[in-house]
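Naming convention: chains lettered A, B, ... in sequence-line order (proteins, then strands); numbering from 1 in each chain. Excluded from the calculations below are hydrogen atoms, water molecules and symmetry mates; all remaining heavy atoms, backbone and side chain alike, are included.
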2 protein chains.
Amino acid sequence: MPAHKKKLSEKIDLGGGHRMTPQRQVVYDVLMSSRDHPTATEVFIRVQEKMSSISLATVYNCLDTLAVAGIVKQVNLDREPSRYCGNLAPHAHFHCETCATVMDIDLKDGVEPSSSVKLPRGAKIQKVEVEVRGKCPECVRTEKKKDTL
Amino acid sequence: MPAHKKKLSEKIDLGGGHRMTPQRQVVYDVLMSSRDHPTATEVFIRVQEKMSSISLATVYNCLDTLAVAGIVKQVNLDREPSRYCGNLAPHAHFHCETCATVMDIDLKDGVEPSSSVKLPRGAKIQKVEVEVRGKCPECVRTEKKKDTL
DNA sequence: TTTTTATCAAGAACTATTCTAAATAATATT
DNA sequence: AATATTATTTAGAATAGTTCTTGATAAAAA
């Protein structure tokens, strides 16, 4: 189709002949309005409030399509269920072992995340993931409060 | 039991009242003599050569016990099957997306792996995992060779 | 010896995820 | 517009990795 015949559209292009369907849009919207890192099932529950007929399989399909299209990120921490995240900026994740929250943590400007390791000579690096586990500030505070009681 | 009555033993102490059984010893030996990062099923296959009667469930149990005891490491990369590793020194992992090999990579001396991220103020850090994905030197070489043919 | 506790094995159960197949819908082609 | 093509949705089945259950066995403690 010649370029001058293309219809204007506000819809996000997913590439590869993929369409921005109502289901994908709702899944996308839910993710973009989430600051936590919901699992597929959690996304499903939130999506159902807006579109009760959607199935879990479709949510999985949508999340996968959006992730492959590169407009959301799939986050895997250990062998827990995959979580999804609309924050496309490079960042790391903090996982609280007490309250199970996953939060984004920013990278320090100008410091490559790979700078702490001896990369194999000749390897082609595609991505570097940094995952921090521990106790989040809130849980540390809560625990200290208990101690002084 | 008073200390002077304790029997001497060369067996590794697993702590928590756990015993170093023949099964655990074989699993442990297999891991210590592996430089790759076998999955539970791969460990099972190797262990079977020495102890054909062992079950996969027992291998899982042993790996878990050894990991909890802290004498082997469980390595989780994305949502792939867990891998196990006898290298207890702090290190990161390189995962080749072409040949699926997982190799240890050393940390640079004096550079904390967490130094590239803005840790949440007040958080208690338990561990930091660095995972590098890409193409290993060998696969890069193989690919280049193909190009020039 | 008796009691307690830990371990093993086989298979069932579980969970997250992917696959299958049929129905539906959107787009492209005629 | 009508038809053909391709993409999507859905429900449920299937899969893979792992954990759980149970009864039998074995080691250690009393």
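- Checking the phosphate oxygens (OP1, OP2) of C:dA26, no side-chain nitrogen or oxygen of A:Thr21 falls inside 4.0 Å.
- Separating the CD atom in A:Glu131 from the NE2 atom in A:His93 is a distance of 9.5 Å, to the nearest 0.5 Å.
- Distance from the side chain of B:Arg79 is smallest for C:dA16 among the nucleotides D:dT18, C:dA9, C:dA16.
- Rounded to whole Å, the distance from CZ on B:Phe44 to P on C:dC8 is 14 Å.
- Taking atom CE of B:Met20 as the reference point, atom C1' of D:dA26 lies 17 Å away to the nearest angstrom.
- No more than 12 heavy atoms of other residues, nucleotides or ligands shown are found within 6.0 angstrom of CD on B:Glu138.
- Each of B:Ala40 and A:Ser55 lies near DNA chain D, and the nucleotide nearest A:Ser55 is the one positioned closer to the 5' end.
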Self-check item: Working for side chain to side chain donor-acceptor pair (under 3.5 Å), residues B:Asp104 and B:His91
Solution: CA-CA 6 Å; B:Asp104 290 350; B:His91 63 274; 3.2 Å; yes
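- Residues A:Pro137 and B:Arg121 approach most closely at CG-O, 3.2 Å, considering heavy atoms.
- Heavy atoms of B:Thr41 sit nowhere under 4.0 angstrom from any nucleic acid atom.
- Between B:Val102 and the options B:Thr39, B:Asp36, B:Leu77, a side chain to side chain contact (heavy atoms under 4.5 Å, CB included) holds for only B:Leu77.
- For the pair A:Tyr28 OH and D:dT8 P, the computed distance is 17 Å after rounding to whole Å.
- The interatomic distance linking B:Leu77 (CG) with D:dG17 (C1') rounds to 15 Å, in whole Å.
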Quiz item: In the 5'-to-3' direction, what one-character label does each nucleotide of nucleotides 18-25 of chain C receive under the scheme B = base within less than 4.0 Å of a protein heavy atom, S = sugar-phosphate only, - = no such atom?
Solution: B-------
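- Residue B:Gln25 contributes atom CD, which lies 20 Å from atom P of C:dA6 at whole-angstrom precision.
- Rounded to an integer number of Å, the gap from B:Leu63 CG to C:dC8 P is 12 Å.
- One atom, CZ of A:Arg83, and another, C1' of C:dT17, lie 16 Å apart when rounded to the nearest Å.
- No more than 12 heavy atoms of other residues, nucleotides or ligands sit less than 6.0 Å from atom NZ of B:Lys124.
- Residue contacts for A:Thr39: at a heavy-atom cut-off of 4.0 Å it reaches no nucleic acid atom on any strand shown.
- Distances shown here put a side-chain N or O of A:Ser82 below 4.0 Å from the OP1 or OP2 atom of C:dT17.
- Nearest heavy atom pair, residue B:Pro120 against residue A:Ile105, reads CD-CG2, 3.7 Å.
- Here the C1' atom of nucleotide C:dA26 and the CD atom of A:Gln23 are 12 Å apart, to the nearest Å.
- Mapped onto DNA chain C by nearest heavy atom, B:Thr58 and B:Gly17 fall at different nucleotides, with B:Gly17 at the one closer to the 5' end.
- Side-chain nitrogen and oxygen atoms of B:His18 include at least one within less than 4.0 Å of the OP1 or OP2 phosphate oxygen of C:dT7.
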